[in-house]
S.K.: 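Please see the structure below; I have some questions.
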Amino acid sequence: MNNEWLTAYVLHRRPYRETSYIVDFFTLEEGRVSAVAKGVKNSKSDKKSLLQPFQALRLQLSGKSELKNLRHVESTAPSIILPGTTLFCAMYINELCNRIMPNGLASDLVFEAYQDALASLSEQGDIEITLRQFEFSILDEMGLLPDFTLDVEYELPVEASRQYNFQAEAGFVVIPEDALHLKGFPGEALLDLAQGEFTPLSKRVAKVLCRELLRPLIGDKPLKSRELFSRMTPKR
């Protein structure tokens, strides 16, 4: 890794001792990795100005321990400007990466989804679709994204006209026709999600599913991005 240039974004940085930062990076080649940026905290150097979220970077790290040292860093594109709600959404995506992605696990799938999400947010794309697509990618990488087309109990295709329960670590199971008073997920929405189609109905289903699937990965500690968004959003 000492001579390798890594394609990276900053997920988070925090003060370290008197003059340095510990920076959490999300890299294409090495996944999530943390490094000490020495002597930049109180400086006006380019290195400090580059160590900001949503800035495309290439960098070199050194060291054999899990906590690396930052040797070189440079930008590869202008910083992405995210106003208002889009900023909180991008912060949420960064938190998901930092909480869920194991240290050192490289993932082309998630890294590409991360770049696509930032681009979509900067272009004022549909926020709900952007977030769900990124959440799906990280769930897929963790092996937790269910098959939207299969009834796992009977090993039959999901039918658009039926309702389905979701069983954690298993998948979707059809609700018997004599128990339709039970609330479930519409097969129509599941099939739309399988095709990557986000209708008003499938958006609602995707949001509920992602919350349920991500909860054990995120843990009990509240996400700061959600807290900040709630604080900044006027109450009706």
Side-chain angles (χ1 to χ4, degrees), residues 6-13 23-34 50-59 75-146 148 192-200 202-215 217-219 222-230 232-233:
L6 305 177
T7 305
Y9 290 87
V10 171
L11 295 177
H12 180 67
R13 76 179 192 186
V23 187
D24 300 323
F25 295 103
F26 186 40
T27 73
L28 172 62
E29 298 83 1
E30 300 289 338
R32 186 172 61 83
V33 60
S34 299
L50 291 175
L51 296 177
Q52 305 287 343
F54 323 127
Q55 169 70 64
L57 303 170
R58 64 194 296 259
L59 51 88
S75 65
T76 59
S79 179
I80 296 174
I81 306 301
L82 298 168
T85 301
T86 58
L87 175 60
F88 294 108
C89 293
M91 292 169 61
Y92 167 73
I93 287 170
N94 274 11
E95 277 199 282
L96 284 188
C97 282
N98 232 5
R99 289 275 189 101
I100 296 174
M101 291 299 291
N103 194 56
L105 175 65
S107 170
D108 292 352
L109 170 69
V110 179
F111 193 86
E112 182 178 347
Y114 180 87
Q115 291 182 307
D116 289 346
L118 291 186
S120 177
L121 291 172
S122 69
E123 295 164 3
Q124 305 296 309
D126 187 305
I127 286 175
E128 283 194 61
I129 294 176
T130 299
L131 293 182
R132 299 297 88 78
Q133 288 176 330
F134 181 75
E135 290 167 340
F136 281 173
S137 73
I138 209 165
L139 287 167
D140 194 11
E141 183 63 50
M142 296 295 104
L144 295 174
L145 188 67
F148 295 109
D192 282 339
L193 291 175
Q195 297 298 317
E197 297 178 6
F198 287 88
T199 65
S202 67
K203 279 184 184 180
R204 292 195 297 272
V205 168
K207 185 174 184 177
V208 173
L209 279 172
C210 284
R211 280 286 179 101
E212 184 174 338
L213 290 165
L214 288 168
R215 190 176 295 116
L217 298 176
I218 293 171
L223 292 171
K224 290 183 180 179
S225 54
R226 284 180 181 167
E227 290 183 342
L228 287 171
F229 181 70
S230 298
M232 297 295 291
T233 304

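Values in this document were obtained by computation on a predicted structure and should not be read as measured data.
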S.K.: If you apply the rule side chain to side chain contact (heavy atoms under 4.5 Å, CB included), what do you find for Y9 with F54, and how did you get there?
M.R.: CA-CA 6 Å; Y9 290 87; F54 323 127; 5.6 Å; no
S.K.: How many angstroms lie between CZ in R132 and OG in S202, if you round to the nearest 0.5 Å?
M.R.: 11.0 Å
S.K.: Would you give the length of the straight line joining atom CG of D24 to atom CD of E95, rounded to the nearest 0.5 angstrom?
M.R.: 11.5 Å
S.K.: Please answer whether the main-chain N or O of A77 pairs with a side-chain N or O of Q55 as donor and acceptor at a distance below 3.5 Å.
M.R.: yes
S.K.: For a quick test of reading the model, state the closest non-hydrogen atom pair linking P53 to N94 and the distance between them.
M.R.: CB-ND2, 3.8 Å
S.K.: In the structure I gave you, are the side-chain heavy atoms of L213 and P146 within less than 4.5 Å of one another anywhere?
M.R.: yes
S.K.: Do the non-hydrogen side-chain atoms of L51 and F25 ever get within less than 4.5 Å of each other?
M.R.: yes
S.K.: Counting C-beta onward and ignoring hydrogens, is there a side-chain heavy-atom pair between L139 and L217 closer than 4.5 Å?
M.R.: yes
S.K.: Which pair of heavy atoms, one from S75 and one from L57, lies closest together, and at what distance?
M.R.: CA-CD2, 4.1 Å
S.K.: As an exercise, state the distance from OG1 of T85 to CZ of F88, rounded to the nearest 0.5 Å.
M.R.: 7.5 Å
S.K.: Can you confirm whether more than 12 heavy atoms, excluding those of E112, are under 6.0 Å from its CD atom?
M.R.: no
S.K.: I want to check something: taking the side chain as every heavy atom from C-beta on, are L209 and V205 in contact at a cut-off of under 4.5 Å?
M.R.: yes
S.K.: Taking the side chain from S120 and the backbone from D116, do they hold a donor-acceptor pair closer than 3.5 Å?
M.R.: no
S.K.: Would you name the heavy atoms of L118 and A90 that are closest together and state the gap between them?
M.R.: CD2-CB, 4.1 Å
S.K.: In Å and rounded to the nearest 0.5 Å, what is the CE to CG distance from M101 to L96?
M.R.: 11.0 Å
S.K.: Do you know which two heavy atoms are closest between A117 and I93, and how far apart they sit?
M.R.: CB-CD1, 3.6 Å
S.K.: Any idea how F111 and F26 line up, ring-wise: parallel (<30°), tilted (30 to 60°), or perpendicular (>60°)?
M.R.: tilted
S.K.: So do the side chains of Q124 and P83 get within less than 4.5 Å of each other, counting heavy atoms only?
M.R.: yes
S.K.: Answer whether the closest heavy-atom distance between the side chains of K203 and I129 falls below 4.5 Å.
M.R.: yes
S.K.: Find the distance between CG (L6) and CG (L59) and round it off to the nearest 0.5 Å.
M.R.: 5.0 Å
S.K.: Please name the pair of heavy atoms, one in I100 and one in I218, separated by the smallest distance, quoted to 0.1 Å.
M.R.: CD1-CG1, 4.3 Å
S.K.: Are any non-hydrogen side-chain atoms of E29 and T7 less than 4.5 angstrom apart?
M.R.: yes
S.K.: When you look at R99 and L214, which way does the side chain to side chain contact (heavy atoms under 4.5 Å, CB included) test go after all the steps?
M.R.: CA-CA 10 Å; R99 289 275 189 101; L214 288 168; over 6 Å; no
S.K.: Does a side-chain heavy-atom distance below 4.5 Å link S122 with L82?
M.R.: yes
S.K.: What distance do Y92 atom OH and L121 atom CG have between them, rounded to the nearest 0.5 Å?
M.R.: 12.0 Å
S.K.: Give the intermediate values and the outcome of side chain to side chain contact (heavy atoms under 4.5 Å, CB included) for residues F134 and C97.
M.R.: CA-CA 10 Å; F134 181 75; C97 282; 3.5 Å; yes
